[in-house]
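Each remark here refers to the structure printed beneath this line.
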Protein chains: 2
Amino acid sequence: MKAEPACPEPPSAASGGPVSHAISRAARLHRIAAGRLLRDLGLYPGQEFVMMHLWDAGPVRQSELIKAVGLDPSTVTKMLQRLEQAGHVRRCPDPADRRAALVEATGASCGLKTQVEQAWRQLEETTLAGLDEHEREELLRLLGRVEGNLCPQAREEHEEAADAADAACVAEV
Amino acid sequence: MKAEPACPEPPSAASGGPVSHAISRAARLHRIAAGRLLRDLGLYPGQEFVMMHLWDAGPVRQSELIKAVGLDPSTVTKMLQRLEQAGHVRRCPDPADRRAALVEATGASCGLKTQVEQAWRQLEETTLAGLDEHEREELLRLLGRVEGNLCPQAREEHEEAADAADAACVAEV
DNA sequence: GCGCATTACTTGGCCGACCAAGGTAAAGTT
DNA sequence: AACTTTACCTTGGTCGGCCAAGTAATGCGC
(Lines give C-alpha, C1' and ligand atoms only; values in the text may rest on other atoms or scores of the structure.)
Protein backbone atom coordinates (compact mmCIF):
# COMPACT_ATOMS: atom_id res chain seq x y z
CA MET A 1 0.00 0.00 0.00
CA LYS A 2 1.14 3.53 -0.61
CA ALA A 3 -0.42 6.78 0.41
CA GLU A 4 -3.90 5.61 1.24
CA PRO A 5 -6.18 8.61 0.98
CA ALA A 6 -7.22 7.51 4.42
CA CYS A 7 -10.36 9.55 4.81
CA PRO A 8 -9.02 12.10 7.30
CA GLU A 9 -11.86 11.63 9.77
CA PRO A 10 -14.17 14.36 11.12
CA PRO A 11 -12.13 17.46 10.38
CA SER A 12 -11.20 18.92 13.71
CA ALA A 13 -10.92 22.35 12.17
CA ALA A 14 -14.16 22.51 10.24
CA SER A 15 -14.46 25.68 12.23
CA GLY A 16 -15.06 28.27 9.58
CA GLY A 17 -17.07 26.62 6.90
CA PRO A 18 -18.02 23.03 7.31
CA VAL A 19 -19.68 22.76 3.93
CA SER A 20 -16.75 24.35 2.16
CA HIS A 21 -14.47 21.83 3.72
CA ALA A 22 -16.76 19.03 2.78
CA ILE A 23 -16.90 20.16 -0.82
CA SER A 24 -13.13 20.35 -1.12
CA ARG A 25 -12.56 16.99 0.39
CA ALA A 26 -15.30 15.15 -1.37
CA ALA A 27 -14.20 16.64 -4.66
CA ARG A 28 -10.62 15.65 -4.11
CA LEU A 29 -11.53 12.08 -3.34
CA HIS A 30 -13.86 12.07 -6.27
CA ARG A 31 -11.11 13.27 -8.57
CA ILE A 32 -8.72 10.65 -7.29
CA ALA A 33 -11.29 7.95 -7.87
CA ALA A 34 -11.88 9.25 -11.36
CA GLY A 35 -8.15 9.29 -11.94
CA ARG A 36 -7.82 5.67 -10.97
CA LEU A 37 -10.53 4.59 -13.35
CA LEU A 38 -9.30 6.78 -16.17
CA ARG A 39 -5.69 5.84 -15.77
CA ASP A 40 -6.23 2.43 -17.26
CA LEU A 41 -7.79 4.10 -20.25
CA GLY A 42 -4.85 6.37 -20.83
CA LEU A 43 -6.58 9.54 -19.74
CA TYR A 44 -5.84 11.95 -16.96
CA PRO A 45 -8.53 13.38 -14.75
CA GLY A 46 -10.00 16.43 -16.39
CA GLN A 47 -9.50 15.20 -19.90
CA GLU A 48 -12.71 13.22 -19.78
CA PHE A 49 -14.74 16.39 -19.94
CA VAL A 50 -13.03 17.51 -23.08
CA MET A 51 -13.29 14.14 -24.75
CA MET A 52 -16.90 13.71 -23.79
CA HIS A 53 -17.80 16.99 -25.33
CA LEU A 54 -15.92 16.18 -28.49
CA TRP A 55 -17.50 12.78 -28.75
CA ASP A 56 -21.00 14.01 -28.65
CA ALA A 57 -20.56 17.31 -30.40
CA GLY A 58 -18.29 16.35 -33.25
CA PRO A 59 -15.74 18.78 -34.64
CA VAL A 60 -15.98 22.10 -32.87
CA ARG A 61 -14.13 25.34 -32.67
CA GLN A 62 -11.74 25.41 -29.78
CA SER A 63 -13.43 28.48 -28.41
CA GLU A 64 -16.69 26.61 -28.26
CA LEU A 65 -15.06 23.75 -26.48
CA ILE A 66 -13.58 26.14 -23.97
CA LYS A 67 -16.97 27.65 -23.32
CA ALA A 68 -18.49 24.22 -22.94
CA VAL A 69 -16.09 22.90 -20.37
CA GLY A 70 -15.74 26.26 -18.69
CA LEU A 71 -12.01 26.06 -18.22
CA ASP A 72 -9.35 28.65 -18.79
CA PRO A 73 -8.32 28.86 -22.46
CA SER A 74 -4.71 28.19 -21.63
CA THR A 75 -5.67 25.07 -19.75
CA VAL A 76 -7.53 23.76 -22.74
CA THR A 77 -4.69 24.58 -25.09
CA LYS A 78 -2.22 22.53 -23.11
CA MET A 79 -4.65 19.75 -22.55
CA LEU A 80 -5.32 19.54 -26.27
CA GLN A 81 -1.63 19.50 -27.06
CA ARG A 82 -1.25 16.47 -24.86
CA LEU A 83 -4.39 14.81 -26.10
CA GLU A 84 -3.25 15.36 -29.65
CA GLN A 85 0.14 13.92 -28.92
CA ALA A 86 -1.56 10.93 -27.35
CA GLY A 87 -3.60 10.45 -30.49
CA HIS A 88 -6.96 11.09 -28.91
CA VAL A 89 -7.62 14.31 -30.72
CA ARG A 90 -6.90 16.00 -33.99
CA ARG A 91 -6.70 19.69 -34.70
CA CYS A 92 -6.72 21.67 -37.88
CA PRO A 93 -7.00 25.32 -38.67
CA ASP A 94 -10.46 26.58 -39.44
CA PRO A 95 -10.53 27.54 -43.11
CA ALA A 96 -13.22 30.10 -42.43
CA ASP A 97 -11.27 31.88 -39.71
CA ARG A 98 -7.55 31.61 -39.73
CA ARG A 99 -7.08 32.37 -36.09
CA ALA A 100 -9.48 29.66 -34.97
CA ALA A 101 -8.79 25.95 -34.66
CA LEU A 102 -11.13 23.06 -35.18
CA VAL A 103 -10.89 20.14 -32.84
CA GLU A 104 -12.28 16.66 -33.15
CA ALA A 105 -11.86 13.29 -31.55
CA THR A 106 -9.87 10.82 -33.61
CA GLY A 107 -11.28 7.54 -34.76
CA ALA A 108 -8.88 5.79 -32.46
CA SER A 109 -10.42 7.52 -29.50
CA CYS A 110 -13.75 6.09 -30.50
CA GLY A 111 -13.22 2.89 -28.65
CA LEU A 112 -12.49 4.87 -25.56
CA LYS A 113 -15.87 6.49 -25.59
CA THR A 114 -17.68 3.43 -24.40
CA GLN A 115 -15.10 2.69 -21.78
CA VAL A 116 -15.06 6.20 -20.45
CA GLU A 117 -18.82 6.23 -20.21
CA GLN A 118 -18.71 2.94 -18.43
CA ALA A 119 -16.08 4.18 -16.02
CA TRP A 120 -18.01 7.34 -15.44
CA ARG A 121 -21.15 5.42 -14.64
CA GLN A 122 -19.22 3.24 -12.27
CA LEU A 123 -17.79 6.29 -10.59
CA GLU A 124 -21.25 7.73 -10.22
CA GLU A 125 -22.46 4.57 -8.62
CA THR A 126 -19.52 4.33 -6.26
CA THR A 127 -19.95 7.94 -5.31
CA LEU A 128 -23.62 7.62 -4.58
CA ALA A 129 -23.64 4.18 -3.03
CA GLY A 130 -26.19 3.92 -0.31
CA LEU A 131 -28.12 6.99 -1.37
CA ASP A 132 -31.65 6.55 -2.57
CA GLU A 133 -33.10 8.26 -5.58
CA HIS A 134 -34.48 11.13 -3.60
CA GLU A 135 -31.19 11.84 -1.92
CA ARG A 136 -29.37 11.79 -5.23
CA GLU A 137 -31.71 14.30 -6.71
CA GLU A 138 -31.45 16.45 -3.66
CA LEU A 139 -27.68 16.39 -3.80
CA LEU A 140 -27.76 17.27 -7.45
CA ARG A 141 -30.15 20.10 -6.80
CA LEU A 142 -28.10 21.52 -3.95
CA LEU A 143 -24.88 21.29 -5.91
CA GLY A 144 -26.60 23.12 -8.71
CA ARG A 145 -27.50 25.89 -6.34
CA VAL A 146 -23.94 26.08 -5.09
CA GLU A 147 -22.71 26.24 -8.65
CA GLY A 148 -25.09 29.03 -9.35
CA ASN A 149 -23.96 30.93 -6.29
CA LEU A 150 -20.34 30.60 -7.18
CA CYS A 151 -20.19 31.30 -10.86
CA PRO A 152 -22.02 34.58 -11.32
CA GLN A 153 -19.30 36.79 -12.68
CA ALA A 154 -20.69 39.65 -10.65
CA ARG A 155 -18.63 39.26 -7.56
CA GLU A 156 -17.29 42.77 -7.51
CA GLU A 157 -18.34 43.94 -4.09
CA HIS A 158 -15.76 42.29 -1.91
CA GLU A 159 -17.18 43.63 1.30
CA GLU A 160 -13.99 43.98 3.23
CA ALA A 161 -14.89 44.01 6.85
CA ALA A 162 -11.47 43.21 8.21
CA ASP A 163 -11.49 44.97 11.52
CA ALA A 164 -11.28 42.50 14.37
CA ALA A 165 -7.87 42.53 15.97
CA ASP A 166 -5.90 39.35 15.93
CA ALA A 167 -6.49 37.07 18.85
CA ALA A 168 -3.90 35.31 20.92
CA CYS A 169 -1.61 33.10 18.96
CA VAL A 170 0.33 30.15 20.19
CA ALA A 171 3.34 29.04 18.18
CA GLU A 172 6.23 31.51 17.86
CA VAL A 173 8.67 30.84 20.67
CA MET B 1 -12.93 41.27 -17.85
CA LYS B 2 -10.80 38.22 -18.48
CA ALA B 3 -11.73 34.58 -18.56
CA GLU B 4 -15.00 34.73 -16.68
CA PRO B 5 -15.70 31.26 -15.38
CA ALA B 6 -19.04 31.84 -17.04
CA CYS B 7 -21.04 29.06 -15.48
CA PRO B 8 -21.15 26.76 -18.52
CA GLU B 9 -24.90 26.28 -18.46
CA PRO B 10 -26.73 22.95 -18.11
CA PRO B 11 -24.07 20.48 -19.17
CA SER B 12 -25.27 18.98 -22.40
CA ALA B 13 -23.27 15.87 -21.75
CA ALA B 14 -24.24 15.14 -18.19
CA SER B 15 -25.02 11.81 -19.75
CA GLY B 16 -23.07 9.39 -17.64
CA GLY B 17 -23.06 10.75 -14.16
CA PRO B 18 -24.86 13.97 -13.47
CA VAL B 19 -23.85 14.15 -9.86
CA SER B 20 -20.21 13.47 -10.64
CA HIS B 21 -20.25 16.30 -13.09
CA ALA B 22 -21.91 18.56 -10.59
CA ILE B 23 -19.34 17.76 -7.95
CA SER B 24 -16.42 18.49 -10.24
CA ARG B 25 -17.81 21.75 -11.43
CA ALA B 26 -19.03 23.02 -8.14
CA ALA B 27 -15.71 22.16 -6.56
CA ARG B 28 -13.77 23.92 -9.27
CA LEU B 29 -15.78 27.07 -8.90
CA HIS B 30 -15.47 26.81 -5.19
CA ARG B 31 -11.73 26.52 -5.42
CA ILE B 32 -11.52 29.50 -7.71
CA ALA B 33 -13.61 31.54 -5.32
CA ALA B 34 -11.37 30.48 -2.47
CA GLY B 35 -8.35 31.40 -4.52
CA ARG B 36 -9.65 34.89 -5.13
CA LEU B 37 -10.22 35.49 -1.46
CA LEU B 38 -6.96 33.93 -0.39
CA ARG B 39 -4.88 35.65 -3.01
CA ASP B 40 -5.11 38.98 -1.22
CA LEU B 41 -3.80 37.28 1.88
CA GLY B 42 -0.79 35.84 0.13
CA LEU B 43 -1.97 32.26 0.20
CA TYR B 44 -2.71 29.85 -2.59
CA PRO B 45 -5.74 27.62 -2.55
CA GLY B 46 -4.96 24.47 -0.65
CA GLN B 47 -2.58 26.11 1.75
CA GLU B 48 -5.42 27.25 3.97
CA PHE B 49 -6.00 23.72 5.14
CA VAL B 50 -2.43 23.33 6.22
CA MET B 51 -2.30 26.69 7.95
CA MET B 52 -5.62 26.14 9.68
CA HIS B 53 -4.44 22.90 11.09
CA LEU B 54 -1.20 24.43 12.28
CA TRP B 55 -2.98 27.35 13.85
CA ASP B 56 -5.22 25.30 15.98
CA ALA B 57 -2.95 22.39 16.68
CA GLY B 58 0.32 24.15 17.38
CA PRO B 59 3.63 22.51 16.50
CA VAL B 60 3.07 19.10 15.02
CA ARG B 61 5.02 16.37 13.34
CA GLN B 62 4.82 16.62 9.61
CA SER B 63 3.45 13.13 9.42
CA GLU B 64 0.59 14.14 11.65
CA LEU B 65 -0.12 17.14 9.49
CA ILE B 66 -0.15 14.95 6.43
CA LYS B 67 -2.63 12.63 8.05
CA ALA B 68 -4.78 15.54 9.12
CA VAL B 69 -5.09 17.15 5.72
CA GLY B 70 -5.16 13.83 3.95
CA LEU B 71 -2.87 14.87 1.13
CA ASP B 72 0.01 13.08 -0.46
CA PRO B 73 3.24 13.44 1.57
CA SER B 74 5.10 14.89 -1.35
CA THR B 75 2.43 17.50 -1.83
CA VAL B 76 2.77 18.60 1.75
CA THR B 77 6.52 18.69 1.54
CA LYS B 78 6.50 21.06 -1.37
CA MET B 79 3.75 23.14 0.08
CA LEU B 80 5.66 23.53 3.31
CA GLN B 81 8.79 24.52 1.46
CA ARG B 82 6.87 27.34 -0.16
CA LEU B 83 5.08 28.30 3.01
CA GLU B 84 8.38 28.36 4.83
CA GLN B 85 9.95 30.50 2.19
CA ALA B 86 6.99 32.85 2.42
CA GLY B 87 7.51 33.08 6.16
CA HIS B 88 4.23 31.53 7.16
CA VAL B 89 5.73 28.42 8.62
CA ARG B 90 8.82 27.24 10.41
CA ARG B 91 10.30 23.79 10.48
CA CYS B 92 12.86 22.13 12.68
CA PRO B 93 14.03 18.57 13.12
CA ASP B 94 12.37 16.60 15.86
CA PRO B 95 14.99 15.96 18.54
CA ALA B 96 13.17 12.82 19.59
CA ASP B 97 13.16 11.31 16.14
CA ARG B 98 15.78 12.40 13.74
CA ARG B 99 13.90 11.48 10.63
CA ALA B 100 10.82 13.48 11.60
CA ALA B 101 10.28 17.21 11.26
CA LEU B 102 8.27 19.51 13.47
CA VAL B 103 6.20 22.18 11.83
CA GLU B 104 4.59 25.25 13.29
CA ALA B 105 3.03 28.47 12.15
CA THR B 106 5.22 31.52 12.59
CA GLY B 107 4.19 34.47 14.68
CA ALA B 108 3.95 36.54 11.53
CA SER B 109 1.30 34.21 10.20
CA CYS B 110 -0.75 34.90 13.27
CA GLY B 111 -2.37 37.96 11.84
CA LEU B 112 -3.42 35.91 8.88
CA LYS B 113 -5.40 33.55 11.00
CA THR B 114 -8.22 35.96 11.60
CA GLN B 115 -8.32 37.04 8.01
CA VAL B 116 -8.33 33.54 6.68
CA GLU B 117 -11.13 32.58 8.99
CA GLN B 118 -13.04 35.61 7.91
CA ALA B 119 -12.47 34.82 4.24
CA TRP B 120 -13.47 31.25 4.82
CA ARG B 121 -16.68 32.30 6.49
CA GLN B 122 -17.42 34.62 3.64
CA LEU B 123 -16.79 31.86 1.17
CA GLU B 124 -19.14 29.61 3.06
CA GLU B 125 -21.82 32.23 2.97
CA THR B 126 -21.35 32.94 -0.70
CA THR B 127 -21.42 29.26 -1.46
CA LEU B 128 -24.58 28.64 0.46
CA ALA B 129 -26.45 31.82 -0.34
CA GLY B 130 -30.13 31.21 -0.63
CA LEU B 131 -30.06 27.88 1.15
CA ASP B 132 -31.86 27.58 4.44
CA GLU B 133 -30.47 25.88 7.47
CA HIS B 134 -32.08 22.58 6.66
CA GLU B 135 -30.70 22.52 3.14
CA ARG B 136 -27.23 23.31 4.39
CA GLU B 137 -27.30 20.47 6.81
CA GLU B 138 -28.63 18.17 4.18
CA LEU B 139 -25.88 19.13 1.77
CA LEU B 140 -23.29 18.60 4.46
CA ARG B 141 -24.75 15.25 5.31
CA LEU B 142 -24.86 14.08 1.71
CA LEU B 143 -21.33 15.25 1.03
CA GLY B 144 -20.25 13.33 4.07
CA ARG B 145 -21.82 10.22 2.66
CA VAL B 146 -20.06 10.77 -0.64
CA GLU B 147 -16.79 11.23 1.16
CA GLY B 148 -17.35 8.02 2.99
CA ASN B 149 -18.13 6.18 -0.19
CA LEU B 150 -15.05 7.44 -1.92
CA CYS B 151 -12.33 7.19 0.66
CA PRO B 152 -12.44 3.61 1.86
CA GLN B 153 -9.02 2.37 0.95
CA ALA B 154 -10.52 -0.97 0.05
CA ARG B 155 -11.08 -0.38 -3.61
CA GLU B 156 -9.23 -3.45 -4.76
CA GLU B 157 -11.92 -5.20 -6.70
CA HIS B 158 -11.96 -3.21 -9.87
CA GLU B 159 -14.76 -5.17 -11.40
CA GLU B 160 -13.71 -4.93 -14.98
CA ALA B 161 -16.80 -5.55 -17.02
CA ALA B 162 -15.57 -4.04 -20.23
CA ASP B 163 -17.38 -6.11 -22.76
CA ALA B 164 -19.88 -4.05 -24.67
CA ALA B 165 -18.65 -3.36 -28.17
CA ASP B 166 -18.08 0.23 -29.10
CA ALA B 167 -21.06 1.98 -30.57
CA ALA B 168 -21.11 4.11 -33.67
CA CYS B 169 -18.80 7.06 -33.54
CA VAL B 170 -19.15 10.24 -35.45
CA ALA B 171 -16.06 12.39 -35.98
CA GLU B 172 -13.23 10.83 -38.01
CA VAL B 173 -13.78 11.83 -41.62
C1' DG C 1 -8.09 52.01 -46.76
C1' DC C 2 -6.52 52.79 -41.83
C1' DG C 3 -6.48 52.27 -37.00
C1' DC C 4 -8.41 50.28 -33.04
C1' DA C 5 -10.91 47.22 -30.33
C1' DT C 6 -12.29 42.20 -30.17
C1' DT C 7 -11.70 37.61 -30.66
C1' DA C 8 -8.89 33.33 -30.64
C1' DC C 9 -5.34 31.01 -29.21
C1' DT C 10 -0.39 30.43 -27.31
C1' DT C 11 3.51 30.90 -24.17
C1' DG C 12 5.60 31.15 -19.70
C1' DG C 13 5.36 30.91 -15.02
C1' DC C 14 3.72 29.17 -10.82
C1' DC C 15 0.94 25.96 -7.61
C1' DG C 16 -1.55 22.09 -5.97
C1' DA C 17 -1.68 17.36 -6.54
C1' DC C 18 -0.56 12.82 -7.95
C1' DC C 19 2.75 8.81 -8.54
C1' DA C 20 7.14 6.48 -8.43
C1' DA C 21 11.43 5.98 -6.54
C1' DG C 22 15.04 7.15 -3.35
C1' DG C 23 17.59 7.87 1.24
C1' DT C 24 17.88 7.88 6.04
C1' DA C 25 16.65 6.70 10.57
C1' DA C 26 13.95 4.09 13.86
C1' DA C 27 11.68 -0.29 15.20
C1' DG C 28 11.24 -5.20 15.03
C1' DT C 29 13.38 -10.06 14.08
C1' DT C 30 16.45 -13.54 14.35
C1' DA D 1 24.78 -7.58 16.86
C1' DA D 2 23.30 -7.87 12.25
C1' DC D 3 19.47 -8.01 9.24
C1' DT D 4 14.95 -6.74 7.69
C1' DT D 5 11.03 -4.14 7.78
C1' DT D 6 8.71 -0.06 8.43
C1' DA D 7 8.11 4.87 9.02
C1' DC D 8 9.30 9.73 7.54
C1' DC D 9 10.42 12.67 4.38
C1' DT D 10 12.48 14.32 -0.16
C1' DT D 11 13.32 14.55 -5.16
C1' DG D 12 11.84 14.30 -9.91
C1' DG D 13 8.49 14.09 -13.17
C1' DT D 14 3.91 14.88 -15.16
C1' DC D 15 -0.85 16.97 -15.25
C1' DG D 16 -4.61 19.96 -14.47
C1' DG D 17 -5.39 24.55 -13.51
C1' DC D 18 -4.87 29.47 -12.90
C1' DC D 19 -3.09 34.21 -14.24
C1' DA D 20 -0.65 37.49 -16.99
C1' DA D 21 1.10 38.76 -21.12
C1' DG D 22 1.82 38.19 -25.98
C1' DT D 23 0.73 37.20 -31.09
C1' DA D 24 -2.23 36.95 -34.95
C1' DA D 25 -6.29 37.45 -37.52
C1' DT D 26 -11.01 39.43 -37.81
C1' DG D 27 -14.33 43.06 -37.61
C1' DC D 28 -15.73 47.79 -36.96
C1' DG D 29 -15.76 52.68 -37.27
C1' DC D 30 -14.18 56.49 -39.99
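No hydrogens, no waters, no symmetry mates; every other heavy atom, side chains included, goes into these values. Naming convention: chains lettered A, B, ... in sequence-line order (proteins, then strands); numbering from 1 in each chain.
- Protein atom CG of Leu80(A) is 12 Å distant from nucleotide atom C1' of dT10(C), rounded to whole Å.
- Put simply, CG on Asp40(B) is 14 Å from C1' on dC19(D), counting in whole angstrom units.
- In this structure, Thr77(A) reaches the bases: a heavy-atom distance under 4.0 Å links it to at least one base atom across the strands shown.
- Distance CG (Asp94(B)) to C1' (dT24(C)): 15 Å, rounded to an integer number of Å.
- Both Glu64(B) and Leu83(A) sit near DNA chain D, but only Glu64(B) has its closest nucleotide nearer the 5' end.
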Pairs under 3.5 angstrom, nitrogen or oxygen only, protein versus nucleotides 2-6 of chain C, please.
none

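- Regarding contacts with the backbone of dA7(D), every side-chain N or O of Ser63(B) stays at 4.0 angstrom or more from both OP1 and OP2.
- Counting heavy-atom neighbours within 6.0 Å of Arg141(A) CZ, excluding the residue itself, gives a total above 12.
- When atom types are taken as modelled, the side chain of Arg98(B) and the backbone of Pro93(B) share no donor-acceptor pair closer than 3.5 angstrom.
- Each of Ala96(B) and Ala100(A) was matched to the nucleotide of DNA chain C holding its nearest heavy atom; the match closer to the 5' end belongs to Ala100(A).
- Between the C1' atom of dT24(C) and the CD atom of Gln62(B) lies a distance of 15 Å, rounded to the nearest Å.
- Not counting sequence neighbours, the partners of Glu84(B) by the salt bridge (charged side-chain N to carboxylate O under 4.0 Å, His left out) test are Arg91(B).
- In this structure, the salt bridge (charged side-chain N to carboxylate O under 4.0 Å, His left out) partners of Asp94(A), at least two apart in sequence or on a different chain, are Arg61(A).
- Using a distance-only test at 3.5 Å, with no hydrogens or angles considered, a donor-acceptor pair links the side chain of Thr106(A) to the main chain of Ser109(A).
- Judged as a ring-ring contact (aromatic ring centres under 6.0 Å, His included), and not counting sequence neighbours, Tyr44(A) has no contacts.
- Position along DNA chain D of the nearest nucleotide to Arg39(B) versus Leu102(B) favours Leu102(B) as the more 5'-ward residue.
- Separating the CG atom of Leu43(A) from the C1' atom of dT14(D) is a distance of 15 Å, rounded to the nearest angstrom.
- Across the protein-nucleic acid pair, Leu38(B) atom CG and dG17(D) atom P stand 19 Å apart, rounded to whole Å.
- Contact between the side-chain N/O atoms of Gln81(B) and the OP1/OP2 oxygens of dT11(D) is found at a separation under 4.0 Å.
- Among the candidates Gln62(B), His53(B), Glu64(B), the single residue satisfying the side chain to side chain contact (heavy atoms under 4.5 Å, CB included) test with Val103(B) is Gln62(B).
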Heteroatom pairs (N/O) under 3.5 angstrom, protein to nucleotides 15-18 of chain C:
{"unit_1": "dG16(C)", "atom_1": "OP1", "unit_2": "Gln47(B)", "atom_2": "NE2", "d": "2.5"}
{"unit_1": "dG16(C)", "atom_1": "OP2", "unit_2": "Arg82(B)", "atom_2": "NH1", "d": "2.7"}
{"unit_1": "dG16(C)", "atom_1": "O3'", "unit_2": "Arg31(B)", "atom_2": "NH2", "d": "2.8"}
{"unit_1": "dC18(C)", "atom_1": "OP1", "unit_2": "Arg28(A)", "atom_2": "NH1", "d": "2.5"}
{"unit_1": "dC18(C)", "atom_1": "OP2", "unit_2": "Asp72(B)", "atom_2": "N", "d": "2.9"}
{"unit_1": "dC18(C)", "atom_1": "OP2", "unit_2": "Thr75(B)", "atom_2": "OG1", "d": "3.1"}
{"unit_1": "dC18(C)", "atom_1": "N4", "unit_2": "Lys78(B)", "atom_2": "NZ", "d": "3.4"}

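- Phosphate contact (OP1/OP2 of dA24(D), side-chain N/O of Arg98(A), threshold under 4.0 Å): absent.
- Here OG1 of Thr126(B) is found 11.5 Å from CZ of Arg36(B). Values are rounded to the nearest 0.5 Å.
- Applying the salt bridge (charged side-chain N to carboxylate O under 4.0 Å, His left out) rule to Glu124(A) yields no partners; only residues at least two apart in sequence or on another chain are considered.
- For the pair Ile66(A) CD1 and dG16(D) P, the interatomic distance rounds to 15 Å; values are reported in whole Å.
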